Each structure stands twice: as C-alpha cells, then as structure tokens.
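Presented below is the structure to which this report refers.
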Amino acid sequence: MNKIAGYIEENRERFLEELFDLIRIPSVSAKSEHKEDMFRAAEYLRKSIMDAGAYKAEVYPTAGHPILYGEKMIDPSLPTVLVYGHYDVQPAEPFELWNSEPFEPVVKDGKIWARGADDDKGQLFMHVKAFELMERTGLLNCNVKFMIEGEEEIGSVNLEKFCQDHTEMLKADVILVSDTTMIEKDIPSITTGLRGLAYMEVEITGPDRDLHSGLYGGAVANPCNMLAKMIASLTDENNKITIPGFYDDVLIASDEERAEMAKRPFDEKDYKASIDVNALAGEEGYTTHERLGIRPALDINGIWGGYIDKGAKTILPSQAFAKISMRLVPDQNSEKIAKLFEKHFISIAPAGVKVKVESLHGGQAYVSPIDTIEYLAASKAMEESFGKKPIPVRSGGSIPIISTFEKVLGIKSILLGFGLDADAIHSPNENYPLFNFYKGIETIPLFYKHYADMKK
Ligand code: BES
Ligand code: MN
Ligand code: MN
C-alpha cells in the first residue's frame, strides 16, 4: 500500500469523528442566533489546522462572521497553495423533512447525513486531513495557506475587504477549492466555470391595509395579482429574459465549445427521475447543460403576501413580496444587471401599486482555463485516483468570491470538487458519500505532488 492509502486507512475513523465534531456546530451564517457558533466553528478549524501541522493559524474577526487564516510556509522557493473553503452552512429548515437531526451526523447507506456534510464542511475538511496526511508522511512539497470564511452562503460580504487588507499574507500561486460537484462518483470532472449572481428582493404595495376582497376586489389593484403578472412578464414564451439589455454582455459560446460540452455524459431520464419531474424546461435552443453552464437564468426563490395560513380569509392584501435571483454568465456584470432589473421592474409596475427593489447580493461569473499547469495538475491527480481522466465542466452554481480572488489577489482558482448533485446541498437530508470524502483526501495530495513537479 502506498503512503497515501496507508495513512487514510489507519486514520479513517478519526477523520470522520473530527468532521462530525465540526458538523455538530450549527454554523448557520444567515441567522443571528448562531453568532457564537460561527466563532466556535472557526476556532475548531483553527485548532484542526494547528494540530495538522500549521505553523500558525488565527481567527480574524470581521464586521460579520470571522475568517480563519492559517499557514505552513516551508520554503519560499516552493509553490504556494492557498486553500479556500467555507464553514458556514445554509439554514436546515424545514426540519420536519429531515430523516435524522441536521446537526447530528449519522452514517447510513455509505453516506454522511447532515447539514454541511458536503457544502462545505465535508469538502473543506478533506483539505485539512490531506494537509495532515502530507505533513505526517513527509509528502508535503508546497507551502500551504488556508483561508476559510463563514459568510459564503450569505454572499461573502466581508471577504473582499479581508483580501484587500491582506494581499501580502495571501500571496499564492493557486487557490484550491473543493466546493463544487463532479458528474458521478465514477465520472470525475473539474469545474471550469461558475455562474455569477444578482439577488434581488421586491416589495409591491397597494392599499395601506388589507381590504375586504368583496367590498374592494375588482376595483383596486391587488399587489399579489400585480406581482404575479410582473414576474410572469420577466420571461417570454421561449423562456428568454425580457429585461432590456440583459443579454448585451453575454459571451456567445463557439460551436466548438458547444460541441465539446455535448460530449459530456448525460442521461436526461435519470436527471428527471432524480428530481421527480416529467419534463425539463428552459431557454429555447439550448441543451440542459448549456442552459446551466453558459446561459443566464432568472428564478423566484420565494414569493409571499396576503393570507397564507390555514383555511380561507377573504382579503385583498396590502403587500406582496418576492426574492428573485438571476444566475449570470461571462461577461455579464452583477451590479449592472441589478440596476437593469431595478429600472425595468419599476417601469412595468401597473398604476395603483408602489414598487421597491433591493439588491441583496451578487457576484461575477468565473471561468478557468484548461491549459494551465494548475488545471493539468488537478487533472492528473484525479486521473491517478479515479483511474479516469476528468471532464471539464461548466457548473450552474455560484461562488462569487472566486472571481473576486482573481480581481483582488490576481490568483486563479482550481475548482476540485468532490460533491454530487445527489448530495442535496441546501435541501433537507444533505449528505456526502464516504467514498467521495476519502477519495478527496486521496486526490488532494496527488494534486500537490503533480503541481510541485510541474512547477519545477
Ligand atoms: N458550494 C456552493 C456552490 C456550488 C455548488 C457550485 C455545487 C457548484 C456546484 C455554494 O456554497 C453556494 O451555495 N453558493 C451560492 C451562492 C451564494 C452567493 C449564496 C449559490 O450558488 O446559490
Ligand atoms: Mn459551498
Ligand atoms: Mn452552498
């Protein structure tokens, strides 16, 4: 057995127990009642990284949740890998849909079940353990830095400033991130693109109070009706977004690129079955993976207003609300799109209602080239551990801070993710297969090995 497999074998159970202790801290960034938990999670990771062999690790408070930074600089002439991850998780609600406690991890059917099991505690912890492994087995051949934040799920609000304030400390040759998916557990892939995001909240106000829907209905503009109409008009019959100027900066993929994308294995029947729908829908003229990877999308994330409790209440509501996100692609600019949205949404408001539009957060799309040493090292690492060359894939998801890293630090990221679509991240019953967890710990040291070799 080689050193990597041997070390993993000997420490399998401990790795898992340590991950479980991290998962047990309910570090939900969106909720203020978890403020203390955010510190506990950052502190837990600080200790983990120190125990694994870092020379220093520190929890940096921010205006929001703390950032953990740690490093082991072994030789300035060696390449430096900066690991990024996030210890914050999405809220676990609705609790009643979980088959086990969200913050009490269990192993069942070969998977870890818990909030954060994959996104991103399970995935980031692979890096902590891979670092420990390299450290203990004498394989460490690069300088390592860790930057782990607690606000990814709420838009990484304080990380850009942290980067600006610490450009020297964060100097590195590459940023390595495990916070994405691969195609299947036996079809490795590397994420070469992330979509950007513009996240909006809208508020429609009609009369100054809820009215009797018999006495007023039909004579006064109903904010819920109006909101429904306005939102419906944001896409046309071909599912194209109707906001003027929205597509102006969208880079059109070449035929070659599209032909390359079409080669990726995809079973539409399985895909539909996996989410229990009988048909797929999206922009006319594009395949499912084009719709996800190279085309923007507009979705309502939540919509509310009026009476939503049990039974019937005959009212004409005073207000209606929606949260609307737009997934963006290169070269769309998130702030520009947010402004276009706001201007357009206000312009389509019918008489009799007032409209308020707020931009909650956003970020730019990211693309990673596939002809760099960094990509090739990742590709070789996966090929070695999976026995198959990984496929480059443009993901539909977003990690807005990745493009900010490029802008502020001038460093490209490699998105070496080991999650699966089936892991139900952000959903009830989030899970992460043990196979993927250990495969990640096995693959990461191989990345360092090939990367250091290729940088020579
Ligand atoms: N890890 C995900 C993003 C992801 C998952 C990318 C799978 C590709 C494949 C990340 O934690 C996330 O959920 N990002 C948010 C964006 C954020 C600004 C709330 C997202 O994509 O909704
Ligand atoms: Mn994530
Ligand atoms: Mn997430």
Side-chain angles (χ1 to χ4, degrees), residues 22-23 27-31 41 64-65 83-92 102 114-127 147-160 175-184 188-201 289 292-294 296-302 323-329 334-335 337-338 359-368 392-405 413-428 430-432 436 440:
L22 176 63
I23 289 175
S27 43
V28 179
S29 48
K31 298 189 159 190
H65 302 311
V83 175
Y84 163 79
H86 63 93
Y87 65 80
D88 65 320
V89 296
Q90 289 272 329
R115 173 57 87 232
D118 163 335
D119 186 12
D120 183 36
K121 288 174 174 170
Q123 293 217 57
L124 86 82
F125 209 65
M126 300 179 316
H127 286 269
M147 174 170 56
I148 301 175
E149 70 156 320
E151 299 188 315
E152 195 277 340
E153 301 290 8
I154 52 170
S156 300
V157 256
N158 292 291
L159 193 53
E160 177 163 1
I175 300 177
L176 188 60
V177 185
S178 294
D179 194 24
T180 52
T181 50
M182 28 180 230
I183 297 176
E184 289 292 348
S189 58
I190 296 175
T191 300
T192 54
L194 292 164
R195 286 196 285 187
L197 188 69
Y199 199 113
M200 317 297 293
E201 183 163 331
H289 279 289
L292 291 170
I294 58 170
L298 182 148
D299 282 283
I300 302 176
N301 294 257
K323 292 183 191 282
I324 300 170
S325 69
M326 290 163 283
R327 296 279 168 175
L328 310 176
V329 297
S334 170
E335 287 93 47
I337 293 293
S359 164
L360 297 190
H361 62 64
Q364 318 305 333
Y366 177 75
V367 270
S368 141
V393 164
R394 292 260 217 132
S395 171
S398 309
I399 313 176
I401 200 66
I402 299 295
S403 61
T404 309
F405 290 154
S413 294
I414 290 294
L415 303 162
L416 189 61
F418 295 89
L420 300 174
D421 279 346
D423 294 353
I425 62 171
H426 296 203
S427 304
E430 176 174 351
N431 61 88
Y432 193 38
N436 299 50

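Being a predicted model, the structure only gives us computed values, none of them experimental. Remember, it's 1-based here, ligands and their atoms both numbered in the order they're listed.
When distances from the Mn ion (ligand 3) to the N, O or S atoms of E153 are compared, OE2 comes out shortest. Between the Mn ion (ligand 2) and the N, O or S atoms of D119, the shortest distance is to OD1.
Looking only at heavy atoms of the protein, atom 17 (C) of ligand 1 is closest to E152 O, 3.7 Å. Nearest protein neighbour of atom 18 (C) of ligand 1, counting heavy atoms only, is H361 CE1, 3.5 Å. Atom 4 (C) of ligand 1 has D179 O, 3.6 Å as its closest protein atom, hydrogens excluded (heavy atom only). Residue, atom and distance of the protein heavy atom nearest to atom 14 (N) of ligand 1 are S398 O, 2.8 Å.
The residue among Q123, R327, H426, E151 with a heavy atom at the shortest distance from atom 13 (O) of ligand 1 is H426. Residue S395 holds the heavy atom nearest to atom 9 (C) of ligand 1 of all those in S395, G417, G419, G397.
For a distance bound of 2.8 Å, the N, O or S atoms of H86 include none lying that close to the Mn ion (ligand 3). Within the coordination shell of the Mn ion (ligand 3), defined by N, O or S atoms under 2.8 Å, E152 is absent. Distances from the Mn ion (ligand 3) show that D179 has no N/O/S atom below 2.8 Å.
Both the backbone and the side chain of T180 come within contact range of ligand 1, each with a heavy atom under 4.0 Å.
Residue P400 has at least one heavy-atom neighbour below 4.0 Å for each of these atoms of ligand 1: 18 (C). Taking a cut-off of under 4.0 Å to the non-hydrogen atoms of L197, the atoms of ligand 1 that pass are 18 (C).
Checking E153, E152, E430 one by one against Q90, the side chain to side chain donor-acceptor pair (under 3.5 Å) holds for a single residue, E153.
A heavy-atom separation below 4.0 Å is found between I425 and ligand 1. Using a 4.0 angstrom heavy-atom cutoff, R195 does not count as in contact with ligand 1.
The structure places CG of L328 at 12.5 Å from CG of L194, a figure rounded to the nearest 0.5 Å.
Taking only nitrogen or oxygen atoms, main chain and side chain alike, E153 reaches within less than 3.5 Å of ligand 1.
The two residues F405 and S413 make their nearest non-hydrogen contact at CD1-OG, 4.2 Å.
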